[in-house]
Amino acid sequence: MALSQQIAPLLKAKVVGSYAHGDVTDRYPKRLTKVINQLRREYPNINEDSGKDAESVVSKILEIQAMMREKKTLVELDPIDEHLVIYNKELKKLITEIGAENANFFDAGWMFINHSPCR
């Protein structure tokens, strides 16, 4: 038996009832909301100078939540370190393989999403 025949198909969040579906529709949003709440607790005056960075992070998290909810195509991230450079490179490969319309939190392989910096 060829190795490719021994590998299970990709787990995708679009499969209702799968662990991946629960991650994307339930666990990820809860985790992101917890981060937002923590930032807002730590920086109660988030609009003052000390909180501008926190508000920037909150706005990025809200964008990620919207990407998940609306099944938008994953986007490259600012390559500020080596991990993000690798992520962007892998995302380009993924888009080439499955198409931009399928490179989202529901249609891309769950392990790609689960290990992405967006998470």
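Being a predicted model, the structure only gives us computed values, none of them experimental.
- When the side-chain hydrogen bond (donor to acceptor under 3.5 Å, both in side chains) test is applied to Glu63, no partner is found at least two apart in sequence or on another chain.
- Phe106 carries Lys71 over the face of its six-membered ring, with the cationic atom under 6.0 Å from the centre and within 45° of the normal.
- Atoms CG and CG, on Leu94 and Asn102 in that order, are 9.0 Å from each other to the nearest 0.5 Å.
- Under a hydrophobic-cluster definition in which Ile, Leu, Val, Met, Phe, Trp and Tyr are linked whenever side-chain heavy atoms come within less than 4.5 Å, directly or via other members, Phe112 and Ile86 are assigned to different clusters.
- Applying the side-chain hydrogen bond (donor to acceptor under 3.5 Å, both in side chains) criterion to Glu70, with sequence neighbours excluded, gives Lys72.
- How far CG of Leu91 is from CG of Leu77: 8.0 Å, rounded to the nearest 0.5 Å.
- Partners of Ser18 according to the side chain to side chain contact (heavy atoms under 4.5 Å, CB included) rule, which considers only residues two or more places apart in sequence or in another chain, are Leu11, Val15, Ala20, His21.
- Checked against side-chain hydrogen bond (donor to acceptor under 3.5 Å, both in side chains), Arg69 has no partners two or more places apart in sequence or in another chain.
- Separation of atoms NZ (Lys12) and CD1 (Ile98) is listed at 6.5 Å; rounding is to 0.5 Å.
- The hydrophobic clustering, which links ILVMFWY residues whose side-chain heavy atoms are closer than 4.5 Å, places Val85 and Leu74 apart.
- In this structure, CZ in Phe105 is found 11.5 Å from OG1 in Thr73, a value given to the nearest 0.5 Å.
- In this structure Lys34 satisfies the side-chain hydrogen bond (donor to acceptor under 3.5 Å, both in side chains) test with no other residue, sequence neighbours excluded.
- Evaluation of the side chain to side chain contact (heavy atoms under 4.5 Å, CB included) rule for Leu62 yields Ile36, Val58, Gln65 as partners, not counting sequence neighbours.
- Hydrophobic clustering of Ile, Leu, Val, Met, Phe, Trp and Tyr side chains at less than 4.5 Å, counting indirect connections, unites Tyr28 with Val75.
- Within a 6.0 Å radius of CD in Glu101, more than 12 heavy atoms belonging to other residues, nucleotides or ligands are found.
- Note: the hydrophobic cluster containing Leu10 does not contain Ile95 (ILVMFWY, side chain heavy atoms under 4.5 Å, direct or indirect links).
- Atom OH of residue Tyr87 and atom NZ of residue Lys92 lie 12.0 Å apart, to the nearest 0.5 angstrom.
- Linking ILVMFWY residues whenever their side-chain heavy atoms come closer than 4.5 Å, directly or via other members, places Ile64 and Ile80 in the same cluster.
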**Request:** Kindly indicate, with the supporting measurements, whether the criterion side-chain contact (heavy atoms from CB on, under 4.5 Å) is fulfilled by Gln38 and Arg41.
**Result:** CA-CA 5 Å; Gln38 180 67 31; Arg41 272 194 302 275; 2.9 Å; yes

